[in-house]
Amino acid sequence: MPPDPTATATATATAREIVAGLCAAQASIAPKYFYDTAGSALFEQITQLPEYYLTRTERAIMATHADALALRIGPGATVIEAGAGNCEKARTLCATIRPRCFVGVDIAAAFLQQAVAGLRREFPSLDVRSVVADLLDEIVLPADLPSGRRLVFYPGSSIGNFAPEAALGLLQRLRRLTDADGALLIGVDLVKSKAILEAAYDDAAGVTAAFNLNVLRHINRLLTADFDLAHWRHRSFFNEEQSRIEMHLEARCATQVSWPTGCRNFRRAERIHTENSYKYRVADFAGLLRRAGFGRHVCWTDAQQWFAVFLAEP
Ligand code: AVI
């Protein structure tokens, strides 16, 4: 079979983007490359770790305020989940607000198809759709979505993986998905003690370390590169000035990585920046929502004020 020109162009653009990151003075790998099959499974494990309070705290907040949410949204809405992943959180939300239609949006096509198929089986009367899209681009919804209220759902504090200006851009894109009387339901991790934050990103069982290191395996496949995982260690810390957890891979020794068109040498202790996870104060995130065009919101938090769920409306 002749090579598919679109797939070849995408692979070339991906390789170019990865090489640019590796060759920059401060080397970096974009966090989207964490999520190959192994990385997605490791992330699932992270969400169940005792140190990773985010997922269970968000779930508890949503359970506490389920009735208020159902009352505010009403039945028969269209739920649009950005970064739907395995649609696990959508299950609980759909059981709570009983929407007419669900649209899962994610960049990982195969994973998404599988997840929406599961949702269809569980909610046979729900009109379930899927849209394969990168949240960095404008999201184009199916033209034939039912009329009625739209609820855009962006859980898990994934907004924290964008720098504040990029987060604003994404919130503006999500605002464009809601219609005049639509709403956004979004989970946001809050600033808290350094010790709690740092433990959440460097757990005792080493799952976050395995998740971080796995990105090199994925890059080896995408770029036909030869990262030796034994030469790298997981590093993470809370950068208070920037209000973000930073994840890096640090060279244990002087090492070289090569790929078909080039190579880079790393000194011992040199780092590759792999992720930022911004932590917000409630007032600062509320300000971001206002700038994105959401004029009103309610904010629900847990008793410790570790995590916030905002329901924002234009
Ligand atoms: C997906 N995202 C919200 C996670 C976070 O907490 O920033 C990714 C993650 N990285 C390490 N642990 C979890």
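Everything numeric in this text was worked out from a predicted model, so none of it was measured. Throughout, residue positions are numbered sequentially from 1 according to the sequence presented.
Two residues are said to be in side-chain contact when any heavy atoms from C-beta on lie closer than 4.5 Å; F153 and I97 fail this criterion. A heavy-atom distance below 4.5 Å is found between the side chains of P146 and D127.
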Candidate pair E88 and R59, rule salt bridge (Lys or Arg N to Asp or Glu O under 4.0 Å), full reasoning
CA-CA 11 Å; E88 194 51 53; R59 197 185 303 127; over 6 Å; no
Could you give me the CA-CA distance, side-chain angles and deciding distance for K89 and M62, then say whether side-chain contact (heavy atoms from CB on, under 4.5 Å) is met?
CA-CA 10 Å; K89 290 167 183 156; M62 298 267 283; over 6 Å; no
Checking side-chain contact (heavy atoms from CB on, under 4.5 Å) for the pair S40/F34: CA distance, chi angles, key distance, verdict?
CA-CA 7 Å; S40 300; F34 281 137; over 6 Å; no
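Across V131 and V103, no two heavy atoms sit closer than the pair CG2-CG1, 3.7 Å. Nearest heavy-atom pair across A77 and I73 is CB-CG2, 3.8 Å. Between R252 and A230 the shortest heavy-atom distance is CD-O, 3.2 Å. Shown here for S243 and V191, the closest heavy-atom pair between the two residues is OG-CG2, 3.4 Å. Nearest heavy-atom pair, G104 versus A84, reported as atom, atom and distance to 0.1 Å: CA-CB, 3.9 Å. Across every non-hydrogen atom of L112 and D106, the tightest pair is CD2-N, 3.8 Å.
A donor-acceptor pair is defined here as one N or O able to donate and one able to accept, closer than 3.5 Å; such a pair exists between the side chain of R149 and the backbone of D181. In this structure, H297 contributes its side chain and R290 its backbone to no donor-acceptor pair below 3.5 Å. Checked by atom type and distance alone, the side chain of T255 never pairs as donor or acceptor with a backbone atom of F266 at under 3.5 Å. Looking only at distances, a side-chain donor or acceptor of E198 sits under 3.5 Å from a matching main-chain atom of F238.
Judged as a ring pair (Phe, Tyr, Trp, His ring centres under 6.0 Å), and not counting sequence neighbours, W259 has no contacts.
No more than 12 heavy atoms of other residues, nucleotides or ligands shown are found within 6.0 angstrom of CD on Q114.
Among residue pairs with one or both ends in residues 269-291, those qualifying as ring pair (Phe, Tyr, Trp, His ring centres under 6.0 Å) are H248-H273, Y280-F285, F285-F310; sequence neighbours excluded.
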